[in-house]
Amino acid sequence: MTCIADLLAQVELPDSTTPDLDAQLLLTKVLGKSQSYLRTWPERELDAEQLAAYEQLMARRRQGEPVAYLLGQQGFWSLDLQVSSATLIPRADTERLVELALELGPPGAARVLDLGTGSGAIALALAKERSEWQVLGCDTVAQAVELAERNRLAHKLGNARFVQSNWFSALATDTFELIVSNPPYIADTDPHLQRGDVRFEPASALVSGTDGLDAIRQIIEQAPAHLHNHGWLLIEHGWDQSAPVGELLQQRGFAAVQSWQDLAGHQRVSGGQWRG
Ligand code: GLN
C-alpha cells in the first residue's frame, strides 16, 4: 500500500523548479482534498485508481505540461479561475495591469474593455473590484469566450460580459472609458517559445509577428475610435518593448504616454490617454 507521505517522499520531476509543490497540488487534485489535508493525514492510503491517476498526472508533468492545465485551474488576483489549453494561463505579472487599470480608470460608472481576454482573468478581476463598471471581455477564440463565461458564472459577476471578436472587429462603434489588453507579444523566432510552460500554450495567445508587435500595433491603431475623451489604453508587453510601444502610442496621438514597472523593475505596461 502507498500512502500520501510515501508519494511525497519520492517525487521525481527533474525539470521542474517546484517539484514538491507540483506533486502536492496534483495529489490534491486526485484526492479532491486541500494541501492542509495532505499535511494532516500523511499516512492516508491511496486506492489503486487514485494511485494510477496520480502517476498519470506526474507523467504528464514530467513531459513539461503546466501544472495549471493538469489541475484545470489557476489563481489570479482574488479569483480561482478555470483554465484550459485554449487560453494562456493567467500570470501573476498581469496583476500589475489590473492594479494600473484600477488606479487610472474612472471612479464611478464606466464601460471597460479587455481585449484578448482568454480565461477572462483581467476582465473578471476588474468587474469584481469595481461593481460600478460594466466590463466587456473579447477574444477571437470561441473556446476562450466559453471558458471566460464559465468563470464569470462561477464568480457570479453580473457586471462582466464576453463576446467573440478579433480585437475590435465585432465591436462596431462601441466606446469605452478604459481599454486594457494583455495581447500576444512574443516574436515568432524567440527561443523561449521552446522552453517551459509556453510550449503547451496556444501560439495565438503568445506570438505576434516577427517583432512580437503586430497585435499591439493593431490595437493602438484602432483603439482611439473606441475610446471616450480622456479614456486610457493600457497594454502589457515584454520587458524590452516599452520604447517601441511608447513610440507607437505617441505616433497615434495619445497623450500622457508612459510605462510602468513590474515588481522585478522591468517596464511591462505602457499606456496613454486619448484626448479626442
Ligand atoms: N508573459 C508571457 C511569457 O513570456 C507571455 C504573455 C503574452 O504573450 N501575452 O511567457
Side-chain angles (χ1 to χ4, degrees), residues 15-18 22 61 64-70 74-77 81 83-101 113-126 137-141 143-145 147-148 151 162 165-168 179-220 222-223 233-246 248-249 259-271:
D15 295 333
S16 171
T17 53
T18 53
D22 294 2
R61 181 68 191 125
E65 214 170 316
V67 175
Y69 285 157
L70 297 174
Q74 168 74 28
F76 179 81
W77 200 253
L81 297 174
V83 296
S84 82
S85 53
T87 72
L88 198 74
I89 299 165
R91 311 257 201 286
D93 299 21
T94 303
E95 293 178 346
R96 184 77 186 108
L97 179 60
V98 172
E99 283 172 359
L100 289 164
L113 174 65
D114 173 21
L115 288 167
T117 197
S119 62
I122 300 168
L124 294 173
L126 295 178
C138 68
D139 205 290
T140 192
V141 177
Q143 297 104 298
V145 176
L147 179 68
N151 280 320
F162 295 99
S165 178
N166 182 5
W167 307 123
F168 296 98
I179 299 177
V180 298
S181 184
N182 173 18
Y185 51 69
I186 299 175
D188 54 17
T189 51
D190 191 323
H192 120 250
L193 292 166
Q194 316 308 326
R195 296 195 289 268
D197 287 6
V198 290
R199 289 172 300 160
F200 291 83
E201 294 180 292
S204 65
L206 292 165
V207 181
S208 200
T210 50
D211 62 357
L213 293 170
D214 282 4
I216 290 179
R217 267 190 286 270
Q218 193 176 341
I219 291 168
I220 291 175
Q222 296 176 3
L233 170 64
L234 298 173
I235 301 175
E236 177 178 322
H237 52 67
W239 63 274
D240 55 353
Q241 291 173 324
S242 67
V245 175
L248 288 165
L249 286 162
S259 298
W260 293 269
Q261 291 186 351
D262 63 11
L263 286 174
H266 298 123
Q267 309 227 290
R268 292 292 309 288
V269 178
S270 294

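Counting convention: from 1, in listed order, for ligands and their atoms alike.
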(Q) I want to confirm something. Looking only at heavy atoms, which of Ser181, Pro184, Pro183 is nearest to atom 9 (N) of ligand 1? (A) Pro183
(Q) What protein heavy atom lies closest to atom 5 (C) of ligand 1? Include the residue and the distance to one decimal. (A) Tyr185 OH, 3.7 Å
Q: Please confirm whether Ser208 comes under 4.0 Å of ligand 1, counting heavy atoms of the residue only.
A: no
Q | Test ring pair (Phe, Tyr, Trp, His ring centres under 6.0 Å) applied to Phe168 - qualifying residues, sequence neighbours left out | A | His226
Q.
So, taking the atom named CH2 in Trp260 and the one named CG in Leu97, what distance separates them when rounded to the nearest 0.5 Å?
A. 9.5 Å
Q: Could you tell me which atoms of ligand 1, counted from 1 in the order shown, lie closer than 4.0 angstrom to a heavy atom of Ala205?
A: 7 (C), 8 (O), 9 (N)
Q.
Regarding Asp211 and Arg217, does a basic nitrogen lie under 4.0 Å from an acidic carboxylate oxygen?
A. yes
Q. Of the protein's non-hydrogen atoms, which lies at the shortest distance from atom 10 (O) of ligand 1, and what is that distance?
A. Arg91 NH2, 3.0 Å
Q. Does Leu206 have a heavy atom less than 4.0 Å from any atom of ligand 1?
A. yes
Q | Within-shell test, His192 vs ligand 1, heavy atom, strictly < 4.0 Å | A | yes
Q.
Salt bridge check, Asp22 against Arg61: does any charged N sit closer than 4.0 Å to a carboxylate O?
A. yes
Q: Of all the heavy-atom pairs spanning Leu147 and Ser84, show the shortest one and how long it is.
A: CD2-N, 3.8 Å
Q.
Can you tell me which portion of Val198 lies within the under-4.0 Å heavy-atom range of ligand 1? Options are side chain, backbone, both, or neither.
A. side chain
